[in-house]
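Residue numbers begin at 1 in each chain, while the letters A, B, ... track the order of the sequences. Quantities reported herein were computed from a predicted structural model and do not represent experimental measurements.
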Number of protein chains: 2
Amino acid sequence: MHRIIRLADLEAMKTGKSNKKSTLSTEQKIKEAARKIFHEKGFAATRTRDIAEEAGINLALLNYYFRSKEKLFGVIMFETLDAFLRTLIPVINDGTMTLEEKVEFLSSAYIDQLIVEPQIVLFIMSEIKNRREDSMLNSRIKALLSDSVILEQYRQAVSEGKFPDLNFWHFMINVIGLTIFPFMGASTLKHIGGLTDDDFVSLMQERKRLIPVWVRAMFAPA
Amino acid sequence: MHRIIRLADLEAMKTGKSNKKSTLSTEQKIKEAARKIFHEKGFAATRTRDIAEEAGINLALLNYYFRSKEKLFGVIMFETLDAFLRTLIPVINDGTMTLEEKVEFLSSAYIDQLIVEPQIVLFIMSEIKNRREDSMLNSRIKALLSDSVILEQYRQAVSEGKFPDLNFWHFMINVIGLTIFPFMGASTLKHIGGLTDDDFVSLMQERKRLIPVWVRAMFAPA
DNA sequence: AAATAATTTAATCAAACGTTTAAGCTATTT
DNA sequence: AAATAGCTTAAACGTTTGATTAAATTATTT
């Protein structure tokens, strides 16, 4: 039989409220260890014992707090997606920024974010591919992008002849790809290109300035 | 004790020579099943029993022919990288093609290739990240790109003022990224963008024409 | 302070998994 | 045709791994 699981605490955790100091601390230790190892190795290659060791806790505590590896992964995945999309969401439907300003802001914000955690892009894409977790992402982004302000701004730019008449997704693919693709092959790029960590960061910093210029050039009217 | 493994046959296999018809066929069945499942789920999430079932063979045969899951993976990884780089390698040091022609040829060739097997990009990048397998890629590509004709062509274009004075890797990242990035998020893109498989393929086909134009625009002299 | 609830630990379970064994079968060689 | 080498199978072995149990410890409540 299962030991009683305090789902209430899982909820409280999400909102940052908790009645127990030590409870939060242990859960937090487990979550931080889980996040680190899941992000590094992915779900399948991660062993619960590695998470326990990284967190400095007994293996049973992992199941005590999160019931299963699968559930713990779900929590980490949710928070990872949440953190990743937090920058994107407010900008998508912002009516005060122009398309160009959005490109500038987003590429810059995501490059800063990914310099700190380069591995999360590959993590998200790999884990989303086969699992049902994509429903989490899909339902959120799909609703976010269809009938979005940014889509309307793009259509507007096309109809005004400021942009060539290309599918909206070419625009999105290019902006997102130019921004996040180098982080997916970061380690490979460092080795192949003979780049140090600092070299890589410098290159990425440069791209904050370059990507808006490049996008402007790519989508200049024909 | 280990059963004797016929390494000679593994060699013969690579060159396409084999004295036994059925031998090649069984090895081939295992390899094709392994390739399919490894590409789909990655090393850690793949079980040898799944490969055996997919190949329609007894589980023990996998170890009889390939000694271990790890070794089988090594064979698949080598062949996957080999097939993936086969298009790139001859072009890199080709002196008869211009930079622009290379961009045109490579983006077109890789898009055709990835339309058939979209999952191998994510597979390669995920599996290379943590494993030592990158030495396989690194030693090959690093030697390939340093002092390559394409690098010299880029430097030439910069010094002639045909290209802006940007790091060579910006150029490579952008060309490769524009080409292969959309395939990494293919399933997500289909869901979010509400695209059918045909829609996606059409978009990618369009990019064969667009990427050379975009690259020209991005790297037009300032 | 006693009682109760929450947390932590060591030990263990059962299933999953990679691998091996030993026997049987098939094709080739002599 | 007998002998040999190559191929295939069913069964099982030993580990790893996710999960659980029951007891011990700590914190909270009464």
Side-chain angles (χ1 to χ4, degrees), chain A residues 1-13 17-31 33-34 37-38 41-77 131, chain B residues 1-13 17-31 33-34 37-38 41-77 131:
Chain A
M1 280 299 116
H2 278 298
R3 193 160 283 266
I4 293 159
I5 294 296
R6 298 163 303 97
L7 288 176
D9 278 18
L10 288 177
E11 287 307 315
M13 184 182 51
K17 289 178 229 157
S18 183
N19 43 351
K20 298 252 155 63
K21 218 177 177 181
S22 60
T23 296
L24 187 70
S25 163
T26 298
E27 284 187 356
Q28 212 58 34
K29 276 196 292 180
I30 296 172
K31 274 175 48 176
I37 300 185
F38 278 141
K41 312 218 254 182
F43 178 81
T46 294
R47 290 168 303 158
T48 53
R49 280 167 173 81
D50 290 340
I51 297 175
E53 192 187 2
E54 173 76 27
I57 53 105
N58 187 283
L59 174 58
L61 276 177
L62 191 149
N63 294 288
Y64 176 73
Y65 281 102
F66 296 95
R67 196 174 200 105
S68 75
K69 179 190 180 186
E70 202 90 42
K71 291 248 173 56
L72 173 56
F73 181 80
V75 171
I76 299 301
M77 190 60 164
R131 292 173 174 279
Chain B
M1 282 299 117
H2 279 300
R3 193 160 283 268
I4 292 161
I5 293 298
R6 299 164 301 94
L7 288 175
D9 277 19
L10 287 176
E11 288 307 314
M13 185 181 51
K17 290 177 226 158
S18 182
N19 43 351
K20 296 256 156 48
K21 218 177 176 181
S22 59
T23 295
L24 186 71
S25 164
T26 298
E27 284 187 354
Q28 213 59 34
K29 276 196 291 182
I30 296 172
K31 274 175 47 176
I37 300 184
F38 278 140
K41 311 218 252 183
F43 178 80
T46 294
R47 289 168 302 159
T48 53
R49 281 168 172 82
D50 289 341
I51 296 176
E53 192 189 1
E54 173 76 27
I57 52 105
N58 186 283
L59 174 57
L61 277 177
L62 191 150
N63 293 286
Y64 176 74
Y65 281 101
F66 296 95
R67 199 176 199 104
S68 74
K69 179 191 181 187
E70 202 90 40
K71 293 249 173 54
L72 173 55
F73 181 80
V75 172
I76 299 302
M77 190 59 164
R131 292 171 176 280

Next on the checklist: I need the minimum non-hydrogen distance between A/Phe43 and A/Lys69, along with the two atoms involved.
Outcome noted: O-NZ, 3.1 Å
Next on the checklist: Side-chain N or O of A/Tyr65 versus OP1/OP2 of C/dT8: is the shortest distance under 4.0 Å?
Outcome noted: yes
Item to check | Nearest to side-chain heavy atoms of B/Thr48, which nucleotide of C/dT8, C/dA10, C/dT19 | outcome: C/dT19
Item to check | Cation-pi, B/Tyr65 ring and B/Lys71 (6.0 angstrom, 45 degrees) | outcome: no
Checklist entry - Atom CG of B/Asp50 to atom P of C/dT19: distance rounded to whole Å? => result 14 Å
Next on the checklist: Rounded to whole Å, how long is the line connecting atom CG of A/Asn63 with atom C1' of C/dA14?
Outcome noted: 14 Å
Next on the checklist: Quick one, A/Ile51 and A/Leu72 - any side-chain contact, counting heavy atoms below 4.5 Å?
Outcome noted: yes
Next on the checklist: If I take atom CG in residue B/Leu59 and atom P in nucleotide D/dA12, what distance separates them, rounded to the nearest angstrom?
Outcome noted: 15 Å
Item to check | Spacing of B/Tyr64 atom OH relative to C/dA22 atom C1', expressed in whole Å | outcome: 14 Å
Next on the checklist: So if I take every side-chain heavy atom of A/Thr26 and compare against D/dG18, C/dT8, D/dT8, which nucleotide ends up nearest?
Outcome noted: C/dT8
Checklist entry - The side chain of A/Ala60 lies closest to which of these nucleotides: C/dG18, D/dT20, D/dG6? => result D/dT20
Item to check | B/Arg49 CZ - D/dA12 P separation (whole Å) | outcome: 14 Å
Checklist outcome for this item: Closest non-hydrogen contact found for B/Leu59 with B/Ala52 is CA-CB, 3.8 Å
Checklist entry - Atom CD1 of B/Ile57 to atom P of D/dG6: distance rounded to whole Å? => result 19 Å
Checklist entry - Expressed in angstrom and rounded to an integer, what is the separation of A/Asn58 atom CG from D/dA19 atom C1'? => result 12 Å
Checklist outcome for this item: Comparing nearest nucleotides in DNA chain D, the 5'-proximal residue of the pair A/Leu61, A/Arg47 is A/Arg47
Checklist entry - D/dG18 P sits how many Å from A/Phe66 CZ, rounded? => result 16 Å
